[in-house]
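A short worksheet on the structure shown next.
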Amino acid sequence: QAGHGRTVLLAAQRDFRSIIGIEDNKELAEKATMNIAQYPRTYMVQREVQLLSHQLPPEQWPDTPLLIHIFQPGSQEWLQDFVEQLSAAFYGNPRQIYLVCIDNQYKQLIEKIPFMQPFTAPVGNIEKTSLLAPYEIDFYFSIIPHKT
């Protein structure tokens, strides 16, 4: 849920290999596309930002480590579909995945993913994020199985 595109633009200011935003609401997607197009490229470390109107099938997810940000999932069905795709992408190519969920009223779906574990951010970081967002923020990371 890329919304107006703020999160993807903040990510673009960091050194990520690729940035993909997904927004299935047509009006919000149009606003995000406009915001991304008008954003000064001099502020962007990663200038390749994709905005999609649909979730990626697992075989199209990047093979690299992932940082996934979800803000207020629209419905339990949407999040269930996302969890299934995340699981398929992970089991097809186990890699480090960090998941940040903000104001997730369906957190039980995330907590049932066998390879994801919750973690607590350092206190200083939690204080900073709670000043910026009055929402509950949950952090998770993937546990990669050892190869024998």
Side-chain angles (χ1 to χ4, degrees), residues 1-113 115-116 118-142:
Q1 308 297 62
H4 290 107
R6 176 178 288 167
T7 302
V8 294
L9 289 172
L10 287 172
Q13 294 176 20
R14 305 291 185 262
D15 193 20
F16 289 109
R17 289 185 189 171
S18 64
I19 299 168
I20 302 169
I22 299 171
E23 180 53 65
D24 51 7
N25 178 300
K26 186 177 179 179
E27 288 179 27
L28 287 175
E30 288 173 2
K31 289 179 183 178
T33 300
M34 183 178 65
N35 289 338
I36 292 166
Q38 294 178 347
Y39 196 74
R41 296 299 186 245
T42 55
Y43 295 152
M44 299 170 75
V45 174
Q46 174 53 264
R47 294 182 177 152
E48 297 292 324
V49 177
Q50 293 180 345
L51 187 67
L52 305 175
S53 60
H54 55 83
Q55 291 189 34
L56 284 174
E59 65 273 7
Q60 292 182 9
W61 286 39
D63 289 338
T64 57
L66 301 171
L67 171 62
I68 301 170
H69 174 270
I70 299 175
F71 179 75
Q72 294 178 333
S75 69
Q76 187 169 353
E77 293 77 23
W78 181 91
L79 189 58
Q80 180 63 46
D81 186 44
F82 170 80
V83 165
E84 290 170 9
Q85 291 188 29
L86 174 68
S87 297
F90 178 80
Y91 289 124
N93 176 22
R95 60 202 175 276
Q96 193 63 63
I97 299 174
Y98 291 95
L99 181 58
V100 179
C101 296
I102 300 177
D103 201 22
N104 179 10
Q105 57 187 330
Y106 313 110
K107 70 169 57 183
Q108 74 278 4
L109 293 175
I110 302 294
E111 292 172 354
K112 288 182 183 178
I113 305 172
F115 59 86
M116 295 299 287
F119 76 91
T120 304
V123 175
N125 291 349
I126 292 174
E127 290 171 355
K128 288 177 190 175
T129 55
S130 62
L131 289 173
L132 298 173
Y135 305 107
E136 183 176 345
I137 303 172
D138 300 307
F139 302 93
Y140 303 89
F141 70 97
S142 60

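Throughout, residue positions are numbered sequentially from 1 according to the sequence presented.
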Would you say the side chain of V83 lies within less than 4.5 Å of the side chain of Y106, judging by non-hydrogen atoms? no
Closest contact, heavy atoms only, S18 versus P62: OG-CG, 4.1 Å
Side chains of L66 and Q96, heavy atoms from C-beta outward: is any pair under 4.5 Å? no
Polar side-chain atom of E23 near backbone of A29 as donor-acceptor pair, under 3.5 Å: no
Rounded to the nearest 0.5 Å, the CD1 atom of I68 sits from the CD1 atom of I20 at a distance of 10.0 Å
Considering only heavy atoms from C-beta outward, does the side chain of E77 approach that of D81 to under 4.5 Å? no
Nearest 0.5 angstrom please: E30 CD to H4 NE2, how far? 11.5 Å
Report yes if the side chains of V49 and Y39 come closer than 4.5 Å at any heavy-atom pair, otherwise no. no
Is it the case that more than 12 heavy atoms not belonging to E27 sit under 6.0 Å from its CD atom? no
Would the number of heavy atoms belonging to other residues, nucleotides or ligands and lying under 6.0 Å from CD of E48 be above 12? no
Take I102 and H69 through the side-chain contact (heavy atoms from CB on, under 4.5 Å) test and state the conclusion after the steps. CA-CA 8 Å; I102 300 177; H69 174 270; 3.2 Å; yes
Hey, does the side chain of S53 reach the backbone of K26 with a donor-acceptor pair shorter than 3.5 angstrom? no
Check: R95 side chain, N93 main-chain N or O, donor-acceptor pair, under 3.5 Å: yes
May I have the step-by-step check of side-chain contact (heavy atoms from CB on, under 4.5 Å) for F90 and M116, ending in yes or no? CA-CA 10 Å; F90 178 80; M116 295 299 287; over 6 Å; no
Give, for atom CD of E136 and atom CD of Q105, the distance between the pair rounded to the nearest 0.5 Å. 11.5 Å
First locate atom CD of Q80, then atom NZ of K112, and finally report the distance between them rounded to the nearest 0.5 Å. 8.0 Å
Here the gap from C101 atom SG to E111 atom CD, rounded to the nearest 0.5 Å, amounts to 9.5 Å
May I ask you to test the I97-Y140 pair for a side-chain heavy-atom distance under 4.5 Å? no
Mind checking whether I70 and N104 have side chains closer than 4.5 Å, heavy atoms only? no
Side-chain touch D138/I110, heavy atoms, less than 4.5 angstrom: no
Tell me, do L109 and P73 make a side-chain contact under 4.5 Å, heavy atoms counted? no
For R17, does the CZ atom sit with more than 12 other heavy atoms under 6.0 Å from it, leaving out its own atoms? no
Tell me whether the rings of F119 and Y98 are parallel (<30°), tilted (30 to 60°) or perpendicular (>60°). perpendicular
Determine whether more than 12 heavy atoms belonging to other residues, nucleotides or ligands lie under 6.0 Å from atom OH of Y43. no
Walk me through it: do F115 and L86 pass the test side-chain contact (heavy atoms from CB on, under 4.5 Å)? CA-CA 10 Å; F115 59 86; L86 174 68; 4.2 Å; yes
R47, CZ atom: more than 12 neighbouring heavy atoms under 6.0 Å: yes
How far does CG of D24 sit from CG of L52, to the nearest 0.5 angstrom? 11.0 Å
